[in-house]
Amino acid sequence: MDEKTLIHQISTLVDDEHKLRTQLQAGKITEEHERELLGDIEAQLDQLWDLLRRRRAAKLQGISPDEVQAHTLDEVEHYLQ
C-alpha cells in the first residue's frame with residue numbers, strides 16, 4: 001500500500017468518524033452503537049497512522065517503504081509508551 005492510498009484510507013475513516021458523531025447528535029444512533037463503531041474506527045486509524053509513520057521512517061533510512069508491513073491491531077493498540 002503506497003502513501004497516497006494510506007492517506008486516502010485515513011481520510012475516509014476520519015470522515016466516517018465525523019458522520020458517526022453527527023448521527024449521534026441527531027439521535028439516529030445510540031451512544032452504545034456510536035461507541036462500538038467509533039472504537040473500531042479509532043483502532044483502524046491507529047494502525048494506519050502507525051504504518052504511515054513507519055513507512056516514512058524506513059524511507060528516511062534508505063529502506064524501501066514497501067518492505068514495511070502493518071502491525072496487527074493488537075500490536076498497535078497495546079504498544080508500551
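FYI, the numbering just counts along the sequence from 1.
Between V68 and A58, the shortest heavy-atom contact is CG2-CB, 3.6 Å. Looking at every heavy atom in both residues, A70 comes nearest to Q47 through CB-NE2, 4.3 Å.
Every pair passing side chain to side chain donor-acceptor pair (under 3.5 Å) that includes a residue from residues 5-15 is listed here, sequence neighbours excluded: D2-T5. Within the structure, every pair that satisfies the salt bridge (charged side-chain N to carboxylate O under 4.0 Å, His left out) test and touches residues 59-74, not counting sequence neighbours, is listed here: R55-D66. Pairs engaging residues 39-67 under the ring-ring contact (aromatic ring centres under 6.0 Å, His included) rule: none recorded [sequence neighbours left out].
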With a 3.5 Å cut-off and sequence neighbours excluded, list the donor-acceptor pairs that the side chains of residues 23-45 form with protein atoms.
unit_1 : atom_1 : unit_2 : atom_2 : d
T30    : OG1    : H33    : N      : 3.0

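Under the salt bridge (charged side-chain N to carboxylate O under 4.0 Å, His left out) criterion, R56 pairs with E3, not counting sequence neighbours. Partners of T72 by side-chain hydrogen bond (donor to acceptor under 3.5 Å, both in side chains), not counting sequence neighbours, listed by chain and number: E75.
Hydrophobic clustering of Ile, Leu, Val, Met, Phe, Trp and Tyr side chains at less than 4.5 Å, counting indirect connections, keeps L73 apart from L48. Transitive grouping of hydrophobic side chains (ILVMFWY, heavy atoms separated by less than 4.5 Å) keeps I10 and V76 in distinct clusters.
Between the CG atom of L6 and the NZ atom of K4 there is a distance of 13.0 Å, given to the nearest 0.5 Å.
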